[in-house]
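Predicted model, so just to flag it, every value in this text is computed and none were measured. Atom set for the values below is all heavy atoms of this structure, side chains included, hydrogens, waters and symmetry mates excluded. Letters go in sequence order (proteins before strands), and every chain restarts at 1.
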Amino acid sequence: MPRTRKTPAGKTSKTKLSPSDATLDQKLEKLPTGVSRQKYLQKLDSLLPPEDLPDRAYGDLKKKGYIALYRLLYSIRGTEDRLTRLYRQGKIVGGVYLSKGTEAISVGAGYALDRSQGDMLFPMHRDLGAHIAFGQTIERIYCQYMGRSGSPTMGRDGNTHFSDMDRGIIGMISHLGSMLPVAVGAAIGLRNQGKNAVTLNFIGDGGASIGDFHEGLNFAAVANAPFVLVIENNQYAYSTPIVAQYGAERIIDRAIGYGIQGEVVDGNNIYEVYETVRNAVNRAREGGGPTMIEAVSMRMRGHSEHDDHFYVPKELLEAWAQRDPLLRAQRFLAKQGFLTQAEIEILEKQVDAEIEQAIVNADASPLPDPISLNNSVFAS
Amino acid sequence: MPRTRKTPAGKTSKTKLSPSDATLDQKLEKLPTGVSRQKYLQKLDSLLPPEDLPDRAYGDLKKKGYIALYRLLYSIRGTEDRLTRLYRQGKIVGGVYLSKGTEAISVGAGYALDRSQGDMLFPMHRDLGAHIAFGQTIERIYCQYMGRSGSPTMGRDGNTHFSDMDRGIIGMISHLGSMLPVAVGAAIGLRNQGKNAVTLNFIGDGGASIGDFHEGLNFAAVANAPFVLVIENNQYAYSTPIVAQYGAERIIDRAIGYGIQGEVVDGNNIYEVYETVRNAVNRAREGGGPTMIEAVSMRMRGHSEHDDHFYVPKELLEAWAQRDPLLRAQRFLAKQGFLTQAEIEILEKQVDAEIEQAIVNADASPLPDPISLNNSVFAS
Amino acid sequence: MPIMTYIQAISDGMREEMRRDPKVMVMGEDVGVYGGAFKVTKGFIDEFGADRVYDTPLSESAIMGCGLGMAITGLRPIVEFQFADFITSGFNQVVNNAGTMFFRTGNNVSAPVTIRCPSGAGVHGGPFHSQSPEAWFVHTPGLKVVAPSTPYDAKGLMISAIRDNNPVLYFEHKFLYRRVKEEVPEGLFTVPIGKAEVKMAGDDISVIAYGASVHLALDAAERLAEEGISVEVLDLRSLYPFDKEAIVETVKKTGRVLVAHEAWLTGGVGGEYASFIAEECFEMLDAPIKRLGSRDMPFPFAPQLEDKMVLNSETVYRALKDLAQY
Amino acid sequence: MPIMTYIQAISDGMREEMRRDPKVMVMGEDVGVYGGAFKVTKGFIDEFGADRVYDTPLSESAIMGCGLGMAITGLRPIVEFQFADFITSGFNQVVNNAGTMFFRTGNNVSAPVTIRCPSGAGVHGGPFHSQSPEAWFVHTPGLKVVAPSTPYDAKGLMISAIRDNNPVLYFEHKFLYRRVKEEVPEGLFTVPIGKAEVKMAGDDISVIAYGASVHLALDAAERLAEEGISVEVLDLRSLYPFDKEAIVETVKKTGRVLVAHEAWLTGGVGGEYASFIAEECFEMLDAPIKRLGSRDMPFPFAPQLEDKMVLNSETVYRALKDLAQY
Ligand SMILES: Cc1ncc(C[n+]2csc(CCOP(=O)(O)OP(=O)(O)O)c2C)c(N)n1
Ligand SMILES: Cc1ncc(C[n+]2csc(CCOP(=O)(O)OP(=O)(O)O)c2C)c(N)n1
Ligand SMILES: [Mg+2]
Ligand SMILES: [Mg+2]
């Protein structure tokens with residue numbers, strides 16, 4: 001089986017961050033013995049993608065697909081922006097963990113699955129985009145965040161932790177990495193029942209350090225399971241930078257150690273994400289086994305909306321802001337002649353209206369009735 | 001940091017096992033969907049080492065060292081052979097898990113540490129050889145297996161599960177892989193207290209699948225810990241062949257994914273094991289970070305002495321019997337002129353006598369007094 | 001009716017249900033070609049094939065997690081931990097992932113996984129092959145827990161566990177494997193989860209026990225019968241949900257109760273049943289409720305030590321005698 | 001004396017002991033630059049440096065395992081699980097590795113690790129950020145377990161936990177973090193592990209509680225005082241070892257007992273204490289021992305649901321009233 005390590009995403013980009021950057025250096029002072037600051041600074045450069053999307057065709061995408069993906073991207077950005085607003089208004093229960101800046105990963109990957117084939121999605125906490133791409137309604141998402149009875153969990157679990165078996169979505173538990181073996185087992189289970197389906201799970205640069213990552217991928221590799229793992233490397237796990245999280249050059253360097261396919265993808269290029277995941281999904285469906293994909297991006301907000309992000313060097317955020325996945329996709333669509341600026345504005349207005357309506361509807365969803373807790377623990 | 005993958009141990013050996021071997025093929029019939037028999041059969045060949053030890057100098061070994069290592073090798077073989085006898089006589093408590101055929105790994109690795117520097121050993125269940133090489137007495141080992149009060153655990157734990165802090169040995173719990181993070185923590189702890197010590201842990205081809213393997217190595221890599229992991233690939237985990245255990249070509253292919261040094265070593269060549277581990281220990285001591293070493297060998301007995309080994313193809317055992325680490329070392333010593341056949345016999349007689357005496361002594365050690373259980377749970 | 005040992009009955013229950021329902025499968029380390037560390041699944045791979053008798057890598061968390069994944073796609077896996085002691089390595093998957101699945105999905109997804117836990121001491125297994133960790137799971141919502149003491153119950157509860165649409169932990173006691181046998185019906189039958197059974201009727205004192213401790217209680221009861229003391233032995237069989245009516249009934253009858261288990265005393269499930277009795281049967285009690293368990297320490301390896309640490313029938317006998325004389 | 005919140009007292013205890021003993025260190029996710037998810041270690045990295053305030057990868061089993069490894073080399077690590085709920089991911093290292101170290105090495109190696117577990121509900125954390133899993137550890141030999149309810153106890157028990165030569169699980173309740181404050185001495189002092197404290201003296205009924213439930217009990221006791229019912233509130237503080245004398249004393253005094261905790265009722269530590277009382281204080285009891293806990297289900301997310309699932313002071317009040325009227 002081939003095991004490639006693709007060219008790092010930023011190979012062609014102009015260097016934006018350098019070891020001589022004093023502010024950046026200062027932030028990295030407090031690392032325990034043995035953690036290499038130098039190695040980190042070199043790494044940061046190589047992770048940065050070019051400012052524009054490579055001007056080419058992406059996989060099996062047609063004009064409709066390019067536009068649909070942009071629409072989803074805009075939807076999730078809008079949905080999340082309003083989550084912040086609602087959070088500040090006190091309308092949200094619990095914390096809010098946003099995908100700002102990394103939405104292209106979850107949307108592109110979610111879109112690459114095929115619900116009609118029985119594919120299943122196992123999203124993580126920063127993957128609202130995948131829920132939407134996989135058919136979840138924005139209204140139900142807001143219900144979930146507001147703890148309403150109209151939410152898929154009936155108000156029992158929060159934020160992005162929600163399943164929807166009708167759509168083939170299994171929500172996560174908080175324990176990062178725990179869903180990886182579950183997704184692998186589902187892939188094998190579907191195959192053993194004669195289905196031709198693929199399962200997809202996400203994990204972060206932090207979650208990738210947990211034991212289940214290893215156990216699950218090893219299990220998948222041995223079974224040649226129809227499984228795809230997307231690693232969202234957004235460079236931070238809560239406040240922990242990747243230099244204190246893993247020692248390898250890239251997370252994807254682990255692929256050869258499992259004997260599976262590994263790919264690096266520019267996580268701020270929604271079309272490349274889609275293309276890469278789509279290829280992996282197709283390969284898995286044809287019996288080609290699991291793939292792990294490292295999508296490189298940058299978390300543009302704090303870990304949650306109550307975290308002010310002070311530990312992230314501003315330079316890093318500025319450099320990545322110029323590579324915002326929406327801006328890049330917009331420029332690409334315009335350049336390709338798929339959508340004019342005017343058409344983009346119309347699309348966005350439509351989506352905005354949809355979102356506002358979803359909020360109104362969700363806010364009208366009743367609070368959950370405590371009676372619903374009776375007989376809620378065991379299936380009969 | 002360099003990350004090499006050395007030539008597989010058997011690269012130069014004549015092919016001994018081939019996919020056309022019908023008996024072998026038959027044993028591999030019952031594999032779940034997705035597990036590749038073909039891949040396995042190819043793998044088996046490449047794991048087999050040449051019949052003779054490469055005729056060269058090994059690291060910093062002098063004549064005395066070559067002989068000392070052989071003596072330890074013979075000691076452990078003799079100690080274990082008698083364990084089987086004692087087990088059949090009903091003198092052993094619990095099961096007996098032998099290292100027959102793979103002793104060169106534990107002895108060679110244990111010998112490569114330096115107790116005077118404060119190095120610490122974290123052996124696994126098939127590493128009696130490492131205990132001996134690290135200064136444990138054969139008498140105490142027999143006490144341990146017979147559950148006597150003279151054992152390091154005072155009869156509280158069995159077989160190879162024993163610590164001896166005075167010698168810098170921390171015994172394992174049964175849960176495979178659990179000691180890996182402990183050994184990594186000890187390495188960091190010693191460094192943070194200004195010591196220049198290295199810790200070494202063993203793990204099997206089976207144990208390497210557990211989450212702690214990943215969490216521990218990742219932790220070590222990030223911290224650049226003075227830590228060495230020796231993976232004893234004896235091709236079976238209980239009854240499970242490596243094809244059903246991991247998907248990669250070699251376990252050591254994981255090294256690049258941690259960003260640490262990786263080495264493959266012929267596990268039936270005690271001098272190569274010593275040399276490789278010694279280099280890794282020296283590098284770790286000098287701040288060069290962790291190394292993982294895959295020592296390839298073959299478990300020549302059942303998982304334990306109550307397992308008849310029926311699931312291992314005879315061809316495999318026959319091919320490996322010709323590569324027995326003792327026979328190969330003997331031939332090497334003779335060829336180098338380090339020991340004549342007559343000298344070897346004298347050495348072996350001495351060791352035999354020591355072992356018999358140790359058994360007598362251990363058998364005279366009292367059964368543990370149940371009173372010793374009082375106040376045994378909490379340190380004051 | 002054939003005579004079966006406890007371990008044969010476990011195998012038989014699994015085999016029969018696998019024959020009936022093609023969705024049922026087994027997974028774990030060495031369950032396939034080897035037939036399991038205790039040979040419970042010996043021959044299964046020949047009958048059901050390698051996909052239904054699934055040999056896994058050595059990774060308890062993945063075994064449990066993958067089992068859960070298979071379950072949500074419609075299969076009914078029997079997940080085997082090679083020893084109950086190793087469930088700690090897959091603990092999070094059991095308690096947080098499997099245990100909450102039905103609840104947290106708004107009752108949308110269920111998790112029909114049977115979790116086999118070969119447990120118990122008396123086999124010189126030392127600290128990590130002798131544990132009886134059922135209390136952790138009785139405390140965790142979303143999990144059912146059973147612990148048979150006889151071949152009949154072992155088979156019937158196995159079939160019930162497999163058919164249950166929830167995660168069921170099945171604690172089988174290694175010491176009983178080949179030491180107890182009885183007539184067990186061929187084919188399919190069930191023992192309901194949540195129902196206790198009086199294994200010996202008596203009037204003076206009740207012992208509430210499960211698993212191997214039932215046999216300690218029966219031994220002690222026989223000795224006491226000779227001394228004219230009549231002991232009722234209630235075998236809980238299900239630890240959660242547990243049979244509150246049966247407990248109340250036996251306490252009502254005797255007014256004196258001993259709760260006994262091999263698990264560590266402190267924080268053991270005995271505390272649950274004893275305090276249930278203390279609360280619900282206060283007026284019925286003629287003597288303090290007595291609890292017994294093994295001593296609060298790791299299970300020692302040497303037989304001389306293990307004997308003094310693990311609950312035994314002598315201890316049960318003496319506790320009952322004390323109760324009788326209260 | 002300065003006024004400290006509960007969370008400040010935790011920080012202060014750690015800081016003072018770290019100043020005194022250079023072997024003491026902290027490790028966990030985001031404990032360094034960020035100062036911990038709850039800011040308990042804010043500023044620590046500046047004072048003690050990155051090697052003593054050790055930011056780890058996201059890997060609970062390695063955090064606990066490495067902490068244990070550091071401990072056996074002579075350091076005294078304070079290991080932080082970001083939320084108590086995540087201890088399940090390092091469970092095996094806690095119960096089987098740390099818990100048995102001293103015993104299994106023939107008392108040759110000890111494991112002085114303090115394990116911080118921010119636990120408890122009431123903060124809308126949902127099923128995986130609200131748990132109180134102390135019962136699992138009270139049942140496991142080799143582990144000590146403490147759970148302070150006040151700033152004074154929080155600081156004093158923290159220092160005792162760090163100085164103890166065994167693994168000590170320190171359950172701190174998130175709901176109390178900024179909600180309780182009191183005068184707490186500066187500098188070093190200890191609260192002994194294993195000693196309970198009467199937080200309110202009374203004559204008619206005893207409540208045995210710990211952590212947040214102590215405050216529920218105090219609230220209920222105040223209401224009942226107005227109705228002329230005098231309640232004694234015994235704060236266990238240490239769950240294992242626990243203060244048997246103090247329990248017997250309060251039961252002797254009042255003859256009526258409620259055991260209350262926020263953890264799930266079934267299999268909770270309340271069962272241990274209640275059945276201890278049932279066995280040891282049988283003749284002193286004037287009413288059945290009553291137990292309260294949260295409902296046996298995952299902690300729900302929506303506040304309306306959580307309120308009906310988690311133990312609250314109204315429930316405690318009503319249970320006490322019932323007991324008074326028995
Ligand atoms: C097993 C586990 N440990 C700790 C946490 C607490 N926690 C929640 S999110 C987070 C950081 C996750 O980082 P990463 O995986 O990179 O995902 P990101 O938030 O960056 O998308 C941590 C430590 C958790 N959820 N699970
Ligand atoms: C976590 C865990 N799971 C299961 C077991 C049961 N078990 C003991 S040894 C063994 C096989 C180990 O294989 P390997 O790691 O290759 O070591 P080897 O015995 O071949 O030396 C198994 C499954 C265990 N000890 N620990
Ligand atoms: Mg991240
Ligand atoms: Mg092996």
Side-chain angles (χ1 to χ4, degrees), chain A residues 118 120 122 149 151-158 161-166 169-175 177-193 195 197 199 201 210-212 214-223 225 227 368 372-373 375-380, chain C residues 22-23 25 27 49-52 54-77 79 89-93 95-113 141-144 164-168 193-194 240-241:
Chain A
M120 288 182 75
F122 294 76
S149 58
S151 73
T153 69
M154 299 168 69
R156 293 188 197 156
D157 206 343
H161 295 200
F162 52 103
S163 299
D164 200 333
M165 201 54 173
D166 305 336
I169 306 175
I170 298 292
M172 65 185 281
I173 63 170
S174 293
H175 302 69
S178 303
M179 301 315 292
L180 204 164
V182 181
V184 171
I188 299 169
L190 291 167
R191 181 178 65 189
N192 286 0
Q193 290 170 88
K195 306 217 176 90
T199 69
N201 179 220
I210 202 115
D212 275 350
H214 176 61
E215 295 197 8
L217 274 176
N218 182 58
F219 204 107
V222 170
F227 169 68
S372 66
L373 291 180
N375 301 316
S376 61
V377 179
F378 288 110
S380 53
Chain C
K23 302 275 187 196
M25 57 171 290
M27 60 189 292
D51 281 342
R52 288 182 68 197
Y54 200 105
D55 256 331
T56 67
L58 199 159
S59 42
E60 277 70 14
S61 190
I63 294 170
M64 186 62 219
C66 286
L68 181 56
M70 292 180 184
I72 64 182
T73 67
L75 296 175
R76 305 186 82 81
V79 165
S89 302
F91 192 75
N92 182 54
Q93 290 290 355
V95 303
N96 278 318
N97 219 346
T100 66
M101 184 63 87
F102 184 67
F103 178 87
R104 72 180 155 97
T105 59
N107 302 350
N108 187 228
V109 186
S110 60
V113 189
L143 305 173
K144 297 187 180 180
D164 200 287
N165 282 325
N166 300 283
V168 180
I193 295 177
Y240 190 84

Could you report the tightest heavy-atom contact between A/P181 and C/A62, atom names first, then the distance?
CB-CA, 3.9 Å
With chain C, which of A/D166, A/V377, A/I173, A/V184 has the greatest number of heavy-atom pairs at distances under 4.5 Å?
A/I173
Mind ranking C/G90, C/C66, C/G99, C/G65 by heavy-atom pairs under 4.5 Å with chain A and telling me who comes out on top?
C/C66
Test your reading of the model: is there a side-chain donor-acceptor pair from A/D157 to the backbone of C/R104, 3.5 Å cut-off?
no
Within this structure, what is the CG-CD1 distance for the pair C/N108 and A/I170, rounded to the nearest 0.5 Å?
7.5 Å
Let me know if A/F162 has heavy atoms under 4.5 Å from chain C in its side chain, its backbone, both or neither.
neither
Largest heavy-atom contact set with chain C, pairs under 4.5 Å, which of A/G216, A/S151, A/S178
A/S178
At a heavy-atom separation under 4.5 Å, does A/V222 approach chain C through its side chain, its backbone, both, or neither?
side chain
What option among A/M165, A/M172, A/M154 has the most heavy-atom pairs under 4.5 Å with chain C?
A/M165
Side chains of C/N97 and A/H175 in contact at under 4.5 Å (non-hydrogen atoms):
no
Rounding to 0.5 Å, atoms CZ (C/F102) and OG (A/S163) come to a distance of 12.5 Å
Of the backbone (N, CA, C, O) and the side chain (C-beta and beyond), which part of A/S380 lies under 4.5 Å from a heavy atom of chain C, both, or neither?
backbone
Taking all non-hydrogen atoms of both residues, which atom of A/F219 and which atom of C/M27 are closest, and how far apart?
CZ-CE, 3.8 Å
Name the region of A/L180, side chain, backbone, both or neither, that has any atom closer than 4.5 Å to a heavy atom of chain C.
neither
Rounded to the nearest 0.5 Å, what's the gap from CZ on A/F122 to CD1 on C/I72? Could you check?
4.0 Å
Please classify the contact between C/K144 and chain A as side chain, backbone, both or neither, with a heavy-atom cut-off of under 4.5 Å.
both
Which atoms of A/A225 are under 4.5 Å from chain C, going by heavy atoms: the side chain, the backbone, both sets, or neither?
neither
Just give me the residue among C/L68, C/T100, C/I63, C/N92 that pairs up with chain A most often, heavy atom to heavy atom, under 4.5 Å.
C/N92
Using side-chain heavy atoms (C-beta onward) and a distance below 4.5 Å, is C/K23 in contact with A/Q193?
yes
Toward chain A, the part of C/L58 with a non-hydrogen atom under 4.5 Å
neither
Taking atom CZ of A/R191 and atom CG of C/D51, what is their separation to the nearest 0.5 Å?
7.0 Å
Interchain contact, C/N166 with chain A, by part (heavy-atom threshold 4.5 Å):
side chain
Is any side-chain heavy atom of A/V182 closer than 4.5 Å to a side-chain heavy atom of C/Q93?
yes
Closest approach of C/N107 to A/S376 (non-hydrogen atoms, all atoms of both residues):
OD1-O, 3.1 Å
Count the heavy-atom pairs under 4.5 Å between each of C/G74, C/P57, C/S110 and chain A, then report the option with the highest count.
C/P57
Of all heavy-atom pairs linking C/L75 and A/G189, the shortest is CD1-CA, 3.7 Å
Between OG on residue C/S59 and NE2 on residue A/H214, distance to nearest 0.5 Å
8.0 Å
Between A/N192 and C/R52, is there a side-chain heavy-atom distance shorter than 4.5 Å?
no
